[in-house]
Every structure is written in C-alpha cells, then in structure tokens.
Number of protein chains: 2
Amino acid sequence: MAPKKQAGPGAGQAAPRLRSTDIARLAGVSVSAVSLAINGRPGLSEATRKRILDVADELNWRPHRAASALKGASSDVVGIVIARPARTLGVEPFFAHFLSGLQSSLSGQGISTQLLIVEDTEAQTAVYRRWAAEHRVDGLVLLDLEVDDPRPQLVADLGIPAVTLGSHGNPMPLTSVWVDDHAAMVGILQYLSSLGHRHIGHVSGITSFQHTQRRLQAIQDVHTSLGTEVDSIPTDFSDAQGAEATRRLLGADPRCTAIVYDSDVMAIAGLGVATEMGVSVPSDVSLVSFDDSVLTTMAHPPVTALTRDTFALGTLTATELLRVMSDGPNDPQATQAPTPRLVVRGSTAAPPAERGPHADDALEGR
Amino acid sequence: MAPKKQAGPGAGQAAPRLRSTDIARLAGVSVSAVSLAINGRPGLSEATRKRILDVADELNWRPHRAASALKGASSDVVGIVIARPARTLGVEPFFAHFLSGLQSSLSGQGISTQLLIVEDTEAQTAVYRRWAAEHRVDGLVLLDLEVDDPRPQLVADLGIPAVTLGSHGNPMPLTSVWVDDHAAMVGILQYLSSLGHRHIGHVSGITSFQHTQRRLQAIQDVHTSLGTEVDSIPTDFSDAQGAEATRRLLGADPRCTAIVYDSDVMAIAGLGVATEMGVSVPSDVSLVSFDDSVLTTMAHPPVTALTRDTFALGTLTATELLRVMSDGPNDPQATQAPTPRLVVRGSTAAPPAERGPHADDALEGR
DNA sequence: CTGCGCTTCTAGAACGTATTAGTCTGCGGC
DNA sequence: GCCGCAGACTAATACGTTCTAGAAGCGCAG
C-alpha cells in the first residue's frame, strides 16, 4: 500500500536468484537433467523433459549466462566500435539505417548488437583487444575503413569472426561487403557529362577513407575519356565543411557548372549555400549527392542522388557475418552489394549557356 | 607464405587462450596474486604487482568476462529494446541522436549499449525477462512508454536498474527523465493564437504513447482560454500517414489556417503535400513541427519547430541511469529535461484574411 | 538365468576467476 | 630467545552451468 520505501538503499532483494539446482529439486530430477531439458539435448523421456521445462517456465528461470559462457557457449552479441565524434553519428542517416538493417537481421537469431563510441582509432583497437580477451562478442562489424587500416589484420589475428564494410583491397584478412564506389562515381560523371557539364566541383569526404579514395580514383580514370575537369575539395563530411567548400567552389572564376557531394548532409548544406548566394539550382549550377535519404528527396528542389538501400546493406552485412560466425575463419570473401542507382531529380540540368559567341559551344566536343 | 588455406574449416586456432594460471606461471606467482594485481586489491608488494601486470599486458590477457561475471562482477552493458518496425528507426533522427548521446556518456565508464529490435511489446517484455534471468545487462533504458505500460513495473520487479524516458505518471516504479510536452504544446498554441490562428490542425503521433496523450491534453486545456479549435488526426508517426493526414486537413472546408505536426518527419511530408496541392506556406497555411532536426532547418521554407538537444537528452538519461545503477533501487525520481524551445522560421505567419464581406473574398476557396 | 544393449537418468569433473582462510617469513618487543 | 604479529603470498573453495562417463532399470535373445 505505502510506496516501497521501507527497503533501505540497495536492499531490493526482489529475486532470490534461482539456480538449476532449484529447478532440479522442484522437478525431482538432477541438475544434469535440467541442463539436457533446457538445451534440447536427447537423452530424456518426453514426460520428464516437459516437467522440467514447465517448472523452469513457471519460475522464469534461465541458465545464468556467465556460467554457460564459461563452458564455451556463444555470447550472442555482435560488436560495433565507432571512432567518430558522437554528435555526428545522429546526423548521418546512413549509420542509423545501416544499424537498423543489421540489427533487424540479427534479432531473428536472438543476437543483439553492442555499440561503443570511442575517441580515436587507437582506442578502437584497444577495445577490439579487450573484447577479444574477455570473449565479449561473437562477431564484429568494422566500419569506416581507412587506407592501410591495421584493424582488419588485427581482428583476424585476434580470431574474432568479422565483416568489414567497404573494403575489398589486397590482401584481405576479413570477409567484406563492399559497394562499387568507382562505378557509381563514373555513373555520376557520365550523366553530368551527357548533360554537357565539363567543369565539375567535387566536395569529397575524408580522404583517408577507402571509399573516398575509390571515388577520387574514378574521377581520374574518366578524366580523359569524358573530358571532365573535376575540382575536389576534401572535407570531414560535416555540413559546416560541406557549406564552406561549396562557398569556395561557387566563388571561383570560372565557376564549375555542377557539384558532386560525397554525402547527402553536405549536399543539402551546399544547396543552402547556393540559395543564399543567389546561385540558382539547377539553372546556374547542378547538384548531385552521392547518398540519398529523406534529406535529398524533401529538399527544394529535390536533389539528384545516388540511391541505395542502406537498410538492405545492413541486412546483407548481417547475413555475411552470420555465415562467418558459423563457418569459422574460412577464406575471406568479398561480397558486392548492389551499386547505387542514380535518381535524377530537380537539382540537375544542362549547364547555363557558355559565355561566348555561340550558345551551342557548350555541346561541342561531345 | 601461401594463403592460410590449408587450415580446414573451423580450424583457425589462432589464439591458444590464455588463463590466469598462465600469467601466474610466467610471473612466478599464484593465480590469487594475479587476481589481486589485476583488480587493484591490496595485499601485494608493488614489485610483484608490477611484474604481474607487465606480463598480463605483454600477452594482452584480461580475465575471462564470463568467469568474472560468475563471481558477481557487473557486465558493463546497458540494454535498450525497441519495439518498432526496424525500417522506421533510421528515419527518425530522434533515435539516432538520443542513442549517440546516451552511448557517448556511457562510453566514459567503459559501458557499452546493447540494442535489440523486436516485433511487439510482448516480445519486448520477454526480452527483459530473459536478460534479467541471464544477468546480461546492468541497466535498461525504456523508450516509447505507453499509457498503462506494464513494462516499468515488470522491470522494477525484475530488479534491474532502469530509467524510463518520458514517463512521470503515478505510480512511478522507475526513475525517469521526462520532457514537459504539455508546456511545449501550450507554447505552440499560444504562439499560433498570438498570430491570429483559431482553427488549427494537429497531425498527432501514436495515441497510446504517453507523450502524445500529454500533448492532446494540453490542446484541451487551452481550448477555452485561447479560443483555439484544434482538429487532431492520429497517425503512426510515418511520413506516409503524415502526408495523408495533411491531405485531409487541407482538403477540409473550412480549412484550418495552421497545422501542428508531432514529428519533424511528418512535418516535412506535410510541407511536401501542401506544395503539391498548391497551398502556399506560410501565406495560406502555417506549419509547426514538434521536433527539430536538419530536416526542418533545411526545408523550403524552413519550418518553425520546437527545438531541443536530443543528444543532451541522451547524456542526461545516461547520467540518471548511472546514478540508479550505482545507488541501487532507491526511490524512483523524475528528472525533468529542459522544455523544448520554439524556433520561429519561415513556415509560420498570420493567417490569411478571413472570408467575409470584404475584398479579400478573392482569396476564398483558393 | 545370464548377459547384452537400449533408454533414462545421475554423479562429478570441468570451465576460469575471485575470495576466504590460511601459511610462511622476518622482525620487534619483552 | 621466544612469542606474536604484520606483510606477502598461496591453497582451496565457490560461482552455476555443461558435459563425460557411467549407473540403474528393463526387455529380450540365447
């Protein structure tokens, strides 16, 4: 009746912790029998099995996780360690979508995801070591791979099943899921080129990331074949730097006629800057985002973007991870996720007519 | 030299699992000494302590988590169970921000967050029971509280330290962090009323949620004092239903002059519908979002919204949870997070001149 | 009636650590 | 010179399960 107040601090002995012996006693069997019943092992008559399970259910008893784990049971936990400023995580739709997809697949197996945000790559590797030593996780997902990233090799050495997202380099110590950023970037440039754009700005992401490198490589690779001149400005993926880069690109003379952004957040920031500077989109400058989300679709004008199912990317990663976890450390394999598809929206158009005697000059040399 | 191929499936015995006995042997002491050293307990000379720690560090050895846990150690894990369609999680900026804030505070204590997405509330309670029985988590965060939600009482009975977000009802079995939705909604209505709006639409969230209820209550409470007539349409928080509700509100006759949305995603969807229907914002209809994010700030026009620091809400929740976890099951307390602040942007203005005997008739039925 | 195989069940030894109750050494005080 | 005591360290047990080896009961073939 009165609020549960009489219980002093820390005196909340709500549950008198059950053990398998209690269940055994109540069911009139041995602890071994309880173990067999709970784990669905053969060697028990249906009658006793049911009796045991009934008692266990009634008391809501489950084997103490730690004790099972001590006998080598899996922990049913998959770990993700992120080394980014925590505040930026919530801003990137990518991460939330990916995590949702990953978790939704893992949930089916009763596996939960353990998330830890750390300061830097050093702390990150320390966590991998710790988790490995403590047997805390059954598997790992590695994100934000950098060039010459030491983590895959470390994790492989530690013997933890793991999947990297976005890496397919050589050598490849871990199974990976990757997206063909190269082809995607080529697609964007081909599209812009076909509209008539030659002078293109590129607001790139963190250049030490592998996928950023692949995009930059693609730009170089099509330079001569398409005749595109691309100006890349590196950023840290933040909206602030995306806006700043846009300001620089739009202030330059001659000005590029199209800008490609490595993320949706930056594209939207850039769109804001253009509007603010009185540069009209798409008639003065075309904008393309390398990532799609509600941000780009609901912008004004809606932004032409590479779209992909990030949620599905998460589920695919989960599938691969589950495979690695059950197969053991086999030969690492690279699974390719579908290449993002270009969705043309209102932010792209042919470049403004060039200054010069003939308007059609722009199309010349096509 | 050759790729690690000769090792058959599952034969990757990379690490020959160290135990405390190994460390003891190498340091020339007993296992007890190792335990004392690792856990910083008194009873060892500084010399031997250092020797032991050096060996442990060298081999990257840590106590096997399960074994420690068996002796009653904490698991350093905080759990969150979500019962929502996984796909919607990534769309809501709220969740990602909150989780980032929560994790960033917990990381400081070396605590990680365990996330599980389930189908429905029933599965959710099952997970709470399971995690409790398995001693899997040290604490829980309960989100999306519903009216008469059985979960707080269940979790309290299970004896798991926990914090609920958004509940401050009576009785209150758990410590909670709550936001004054009532005051916030009153603020919105006062603002709209001061602009001259009387007939207002409200695209509400899931009505079984406690915070939705508090908002609806606020609407009723100011009905007479402000003279506002509010039309609430319940939705499931999805952009689709937000758009549909907007369509209904804008199609009604007489039409409301302002619409309040219970989330930013729905507000943006509604803005899209208005544009599509040729209803101009804010001259024909004003739009207010109950939640703020990059979505609302970058929309066109930017949407007037209640803004709050969701990241900070996460850190505040973490603080409370840590307190509960260390204090044990004390009297539950309700901590109030700052009330969201209304940020006026371009989506709100005075209502269009009323139809009447005057020249403004022209605008009628537009 | 003995012995064998099958099913059903159980005793007891792990698993790797933390802790309790020591043991052993050296040393100061009487 | 012996007692007692503090400091440094260790042996052994407990934690709660799982698993191996084996016991008990029972039917049945020989």
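Hydrogens, waters and symmetry mates are skipped; everything else that's a heavy atom, side chains included, is used. Naming: A, B, ... by sequence-line order, numbering from 1 per chain. Quick caveat: nothing in here was measured; it's all calculated off a predicted structure.
A/D148 CG: 12 or fewer foreign heavy atoms inside a 6.0 Å radius.
In this structure, OG1 on A/T113 lies 11.5 Å from CD1 on B/I80, to the nearest 0.5 angstrom.
Taking atom CZ on A/R41 and atom C1' on C/dC9, their separation rounds to 16 Å, with Å as the unit. Taking atom CD of A/E134 as the reference point, atom P of C/dA18 lies 11 Å away to the nearest angstrom. In this structure, the CZ atom of A/R25 is 15 Å from the C1' atom of D/dG16, given to the nearest Å. Going from atom CZ of B/R62 over to atom C1' of C/dA18 covers 18 Å, rounded to whole Å. For the pair B/R65 CZ and C/dT17 C1', the interatomic distance rounds to 12 Å; values are reported in whole Å. To the nearest angstrom, P of C/dA18 lies 12 Å from CD1 of B/I23. One atom, NE2 of B/H135, and another, P of C/dT17, lie 20 Å apart when rounded to the nearest Å.
Annotation: side chain of A/L165 is not in contact with side chain of A/L142 (no heavy-atom distance under 4.5 Å). Inter-residue side-chain proximity for A/L115 and B/S112 is flagged as unmet; no heavy-atom pair is nearer than 4.5 Å. Counting heavy atoms from C-beta outward, A/L313 and A/V177 have side chains that approach closer than 4.5 Å. Looking at heavy atoms from C-beta onward, A/L53 lies in side-chain contact with A/I38 at the 4.5 angstrom threshold.
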Distances under 3.5 Å between protein N/O atoms and the N/O atoms of nucleotides 13-16 of chain C, please, pair by pair.
from   : atom 1 : to    : atom 2 : distance (Å)
C/dA14 : N3     : A/K71 : NZ     : 2.7

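Applying the salt bridge (Lys or Arg N to Asp or Glu O under 4.0 Å) criterion to B/E320, with sequence neighbours excluded, gives B/R323.
Fit an axis to the five pairs at each end of the helix from C/dC1-D/dG30 to C/dC30-D/dG1 and the two axes sit 70° apart, to the nearest 10 degrees.
For the ring pair (Phe, Tyr, Trp, His ring centres under 6.0 Å) condition, no pair includes a residue of residues 24-44 of chain A, sequence neighbours left out.
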For residues 65-72 of chain B, please give each side-chain donor-acceptor pair under 3.5 Å, one per line with the distance, not counting sequence neighbours.
from  : atom 1 : to    : atom 2 : distance (Å)
B/R65 : NH2    : B/S74 : O      : 2.4
B/S68 : OG     : B/H64 : O      : 3.1

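A donor and an acceptor atom, one from each side chain of A/Q124 and A/D120, are nowhere located under 3.5 Å apart.
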- Sugar-phosphate means primed atoms, P, OP1 and OP2; the rest is base. With that split, encode nucleotides 7-12 of chain D 5' to 3' as B, S or - using protein heavy atoms under 4.0 Å. -SBBBB
- Task: Could you please spell out the steps behind the salt bridge (Lys or Arg N to Asp or Glu O under 4.0 Å) verdict for A/R19 and A/D22?
- Result: CA-CA 5 Å; A/R19 291 152 310 185; A/D22 298 314; 3.6 Å; yes
